[in-house]
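Everything on this sheet refers to the single structure shown next.
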Amino acid sequence: MASAPSKLYADDVSLLVVLLDTNPFFWSASSLPFSKFISHVISFLNSVLLLNQLNQIVVIATGHNCCDYLYDSSSPANRSSGTGKLSALSVDLLEKLEEFVIRDEKLLKKEPEGSIPSSLLSGSLSMALCYIQRVFRSGLLHPHPRILCLHGSQDGPEQYVAIMNAIFSAQRSMVPIDSCFIGAQNSAFLQQASYITGGVYLKPQLLDGTFQYLLTVFATDLHSRGFLQLPKSVGVDFRASCFCHKKTIDMGYICSVCLSIFCKHHKKCSTCGSVFGQPQSDAASEPNKKRKAGDA
């Protein structure tokens, strides 16, 4: 999939924005230690920088309560490091990651109960798209942008609207969203994101080989993907989340004005205020009753 056909350096120059899931509740229950996962990610990022000297990397942390930039290879400080660029990536990323995790933990108001809470994926996606738009408008030349979600937390239905808005914004900007999901269950949000934007969705079978998965699937630039046989999703979960209870549903009611989704019939749309009629089942039963009365 071509991204932004004008004002490009070359076909093989990439701007890779990595969204890194740092949710402590997920990693405390994961079979893959977070420290080992980070070592895989750093090795992968170094490999991407080695593929082309013009490649750029941005890392955004996706926490439980907030999001923040961790590393930007195009910043003046990192650009002036020269040959020490790869080592600077490791040092700067780990330092800012530690600061972010502490800050994210302080924002936690109370310990969640029940299932593992979700990460703020909608926030990190929005930050990634804002950064890419800034790059588009900053100069005459820019690399091919793409987003890579390294995620493991379960989907947060309350973020459905914000995430879908971000997905459609990425599609309009021709920015593919790749997804490497390391959680137990597949992510419906990331499956839809990769499908709609023309990205790649992958759920590694062996977490110890995460670096190999990242390198063989996600290190290639967009131009080279046309010559490779990349993995394809077996199926995509297109289920939506209702606006009233923020739960994933198979069937529901849709407002014909603003397209809000509800799991139960309401008299009035809570989003746009439109007044609804009777549910179809109730409305259909009235003529049947009258017809039976007439026949009698």
Would you check if [X] and [Y] make a side-chain contact, meaning some heavy-atom pair closer than 4.5 Å?
X: His151; Y: Leu190; answer: yes
X: Leu89; Y: Asn46; answer: yes
X: Cys272; Y: Cys255; answer: yes
X: Pro231; Y: Val217; answer: yes
X: His64; Y: Leu108; answer: yes
X: Thr197; Y: Phe168; answer: no
X: Tyr131; Y: Leu15; answer: yes
X: Pro176; Y: Leu222; answer: yes

Does the distance from a Lys or Arg side-chain N to an Asp or Glu carboxylate O, for [X] and [Y], drop under 4.0 Å?
X: Arg146; Y: Asp221; answer: no
X: Asp178; Y: Arg225; answer: yes
X: Arg103; Y: Asp68; answer: yes

For the residue pair [X] and [Y], categorise the inter-ring angle as parallel (less than 30°), tilted (30 to 60°) or perpendicular (more than 60°).
X: Phe227; Y: His223; answer: perpendicular
X: Tyr253; Y: His265; answer: perpendicular
X: Tyr160; Y: Phe189; answer: tilted

Any idea which heavy atoms bring [X] and [Y] closest together, and the distance?
X: Phe26; Y: Ser153; answer: CB-OG, 3.6 Å
X: Trp27; Y: Asp21; answer: NE1-O, 2.8 Å
X: Pro24; Y: Asp104; answer: CD-OD2, 4.3 Å
X: Tyr201; Y: Asn186; answer: OH-OD1, 2.9 Å

message = How long is the straight-line distance from OG of Ser126 back to CG of Leu120, given to the nearest 0.5 Å?
response =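 Nearest 0.5 Å value for the CG-OG distance: 8.5 Å.
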request  = Under the ring pair (Phe, Tyr, Trp, His ring centres under 6.0 Å) rule, what do Phe276 and His266 come out as? Steps first, then yes or no, please.
outcome  = CA-CA 7 Å; Phe276 299 144; His266 295 263; 7.6 Å; no
request  = Could you please spell out the steps behind the side chain to side chain donor-acceptor pair (under 3.5 Å) verdict for Ser194 and Ser179?
outcome  = CA-CA 7 Å; Ser194 298; Ser179 306; 2.9 Å; yes
ask   = Going through the distances and angles, do Asn52 and Ser14 end up as a side chain to side chain contact (heavy atoms under 4.5 Å, CB included)?
value = CA-CA 8 Å; Asn52 193 309; Ser14 300; over 6 Å; no
inquiry  = Please determine whether side chain to side chain contact (heavy atoms under 4.5 Å, CB included) holds for the pair Leu19 and Leu125, giving the CA-CA distance in whole Å, both sets of side-chain angles, and the decisive distance to 0.1 Å.
reply    = CA-CA 8 Å; Leu19 310 185; Leu125 275 174; 3.7 Å; yes
